Amino acid sequence: MKAEYIYMLILSDQADPLPCRVRFSKRKSISIEITAEGEIIVRAPGYISKRTTEAFIAEKRDWIIKNRDKILVKKQTTTLSPLTPLEEQKAAALQKRFMGAAKIYFPKRCEELLRLTGGHYEKITIRNQKTRWGSCSQTGTLSFNYRLMMAPPEIIDYVIVHELCHLKHMNHSKAFWNMVAGILPDYAERKKWLKEHGHELNEVHYLLSLM
């Protein structure tokens, strides 16, 4: 029987890879479990190759992200700080407020920054994810995490420029990063800030910072 190992699921350059614990056993199919702590456990039949198993995990990337986000958000709201009923109401109101602001801000700012990057996008969607700040689909749909509204403007610009550059380079090649650097010479510092402080961009942390 093949030994248990960790497979690193690549999300994007804006987020650290997700470790997936792969376990082989005498079973007939592959299954994916996300524990209450957010750990990803993949159980696979011993006769299936690692390559096939990893291809299956990659194919389920969106499902993993979506369901892991739900678990982590629930865990965060219950363990980060016990909120009073009034504070919970405030947090809910903040989420609605930031979501509404994001739906207005991102289209306007994307239009402004598009003058620097060029390209064309079909539409913009605002989402609530734990591990992704932005994305650009093959069909030209730009998606942004509403929680970025709690970040400094220069950080928001970095994420927007990053996704706009994907309209020209749907990869993370040298040409892509050269294009980002041509618009934001200090993009590395902004990227580093997001990785170090991204976990603070939530309503609970926002409320606690006001106390």
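For clarity, every value in this text was computed on a predicted model and none was experimentally measured. Heavy-atom basis, side chains included; hydrogens, waters and symmetry copies ignored.
- Side-chain atoms of R147 do not come within 3.5 Å of backbone N or O of N202 as any donor-acceptor pair.
- Other residues, nucleotides and ligands contribute more than 12 heavy atoms inside 6.0 Å of the CD atom of E154.
- Grouping the Ile, Leu, Val, Met, Phe, Trp and Tyr side chains by contacts below 4.5 angstrom, directly or via other members, places I160 with I155.
- Rounding to the nearest 0.5 angstrom, the gap separating the OG atom in S137 from the OH atom in Y121 is 13.5 Å.
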Can you give each donor-acceptor pair under 3.5 Å made by side-chain atoms of residues 107-120, sequence neighbours left out, with the distance rounded to 0.1 Å?
from, atom 1, to, atom 2, distance (Å)
K108, NZ, E112, OE2, 2.8
R109, NE, D157, OD1, 2.8
R109, NH1, E112, OE1, 2.8
R109, NH2, D157, OD2, 2.8
H120, NE2, E122, OE2, 3.3

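- Applying the salt bridge (Lys or Arg N to Asp or Glu O under 4.0 Å) test to R27 and every residue at least two apart in sequence or in another chain returns nothing.
- To the nearest 0.5 Å, the span separating CZ on F56 from SG on C20 amounts to 11.5 Å.
- The side-chain heavy atoms of F176 and H162, taken from C-beta on, include a pair separated by under 4.5 Å.
- Here E33 pairs with R43 under the salt bridge (Lys or Arg N to Asp or Glu O under 4.0 Å) rule; sequence neighbours left out.
- Residues in residues 92-104 take part in these side-chain hydrogen bond (donor to acceptor under 3.5 Å, both in side chains) pairs, two or more places apart or across chains: Q95-Y146.
- Contact between I30 and A44 at its shortest, heavy atoms only, is CG1-CB, 4.1 Å.
- Both I126 and Y158 belong to a common hydrophobic cluster when Ile, Leu, Val, Met, Phe, Trp and Tyr are linked at side-chain heavy-atom distances under 4.5 angstrom.
- Listed by first and then second residue, the ring-ring contact (aromatic ring centres under 6.0 Å, His included) pairs that reach into residues 91-112 are F98-Y206, F106-F144, sequence neighbours excluded.
- Side-chain contacts under 4.5 Å among hydrophobic residues (ILVMFWY), followed directly or transitively, place I6 together with M8.
- Y7 is connected to Y47 through a chain of hydrophobic side-chain contacts under 4.5 Å among Ile, Leu, Val, Met, Phe, Trp and Tyr, so both are in one cluster.
- Crowding of E196 atom CD: a count of heavy atoms from other residues, nucleotides or ligands under 6.0 Å exceeding 12.
- Residues that satisfy the side-chain hydrogen bond (donor to acceptor under 3.5 Å, both in side chains) test with R127, not counting sequence neighbours, are absent from this structure.
- In this structure, the ring-ring contact (aromatic ring centres under 6.0 Å, His included) partners of Y187, at least two apart in sequence or on a different chain, are W177.
- Looking at residues two or more places apart in sequence or on another chain, you find a side chain to side chain contact (heavy atoms under 4.5 Å, CB included) between A175 and H169, S173.
- Clustering ILVMFWY residues whenever any of their side-chain heavy atoms sit less than 4.5 angstrom apart, transitively, puts Y5 in the very cluster that holds L18.
- Criterion: ILVMFWY side-chain heavy atoms under 4.5 Å apart, direct or through other members. Under it, M170 and W133 are not part of a common hydrophobic cluster.
- Across every non-hydrogen atom of A151 and I156, the tightest pair is O-CD1, 3.9 Å.
- Remark: K123 pairs with T125, T141 by the side chain to side chain contact (heavy atoms under 4.5 Å, CB included) rule, at least two apart or across chains.
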Using side-chain contact (heavy atoms from CB on, under 4.5 Å), reason through T53 and F24 one step at a time and then give a plain yes or no. CA-CA 10 Å; T53 303; F24 295 97; 3.9 Å; yes

Apply side-chain contact (heavy atoms from CB on, under 4.5 Å) to residues M150 and E203 and explain how you reach the verdict. CA-CA 9 Å; M150 292 176 253; E203 289 81 10; 3.8 Å; yes

Could you give me the CA-CA distance, side-chain angles and deciding distance for I40 and I57, then say whether side-chain contact (heavy atoms from CB on, under 4.5 Å) is met? CA-CA 10 Å; I40 304 166; I57 298 172; 6.0 Å; no

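- No donor-acceptor pair under 3.5 Å is formed between the side chain of R61 and the backbone N or O of L9.
- Other cluster members for I41: none, since no ILVMFWY side-chain heavy atom sits under 4.5 Å from it.
- One finds the CD atom of E54 at 9.5 Å from the OG1 atom of T52 (value rounded to the nearest 0.5 Å).
- Put simply, CD1 on I48 and NZ on K28 are 13.0 Å apart, with the number rounded to the nearest 0.5 Å.
- Summarising the geometry, atom CD1 belonging to I32 is positioned 9.5 Å from atom CG belonging to N67; distances are rounded to the nearest 0.5 Å.
- Residues that satisfy the ring-ring contact (aromatic ring centres under 6.0 Å, His included) test with W63, not counting sequence neighbours, are absent from this structure.
- Taking each heavy atom of P19 and P17 in turn, the nearest pair found is CD-O, 3.5 Å.
- Note that CG of L184 is 13.0 Å distant from NZ of K191, once rounded to the nearest 0.5 Å.
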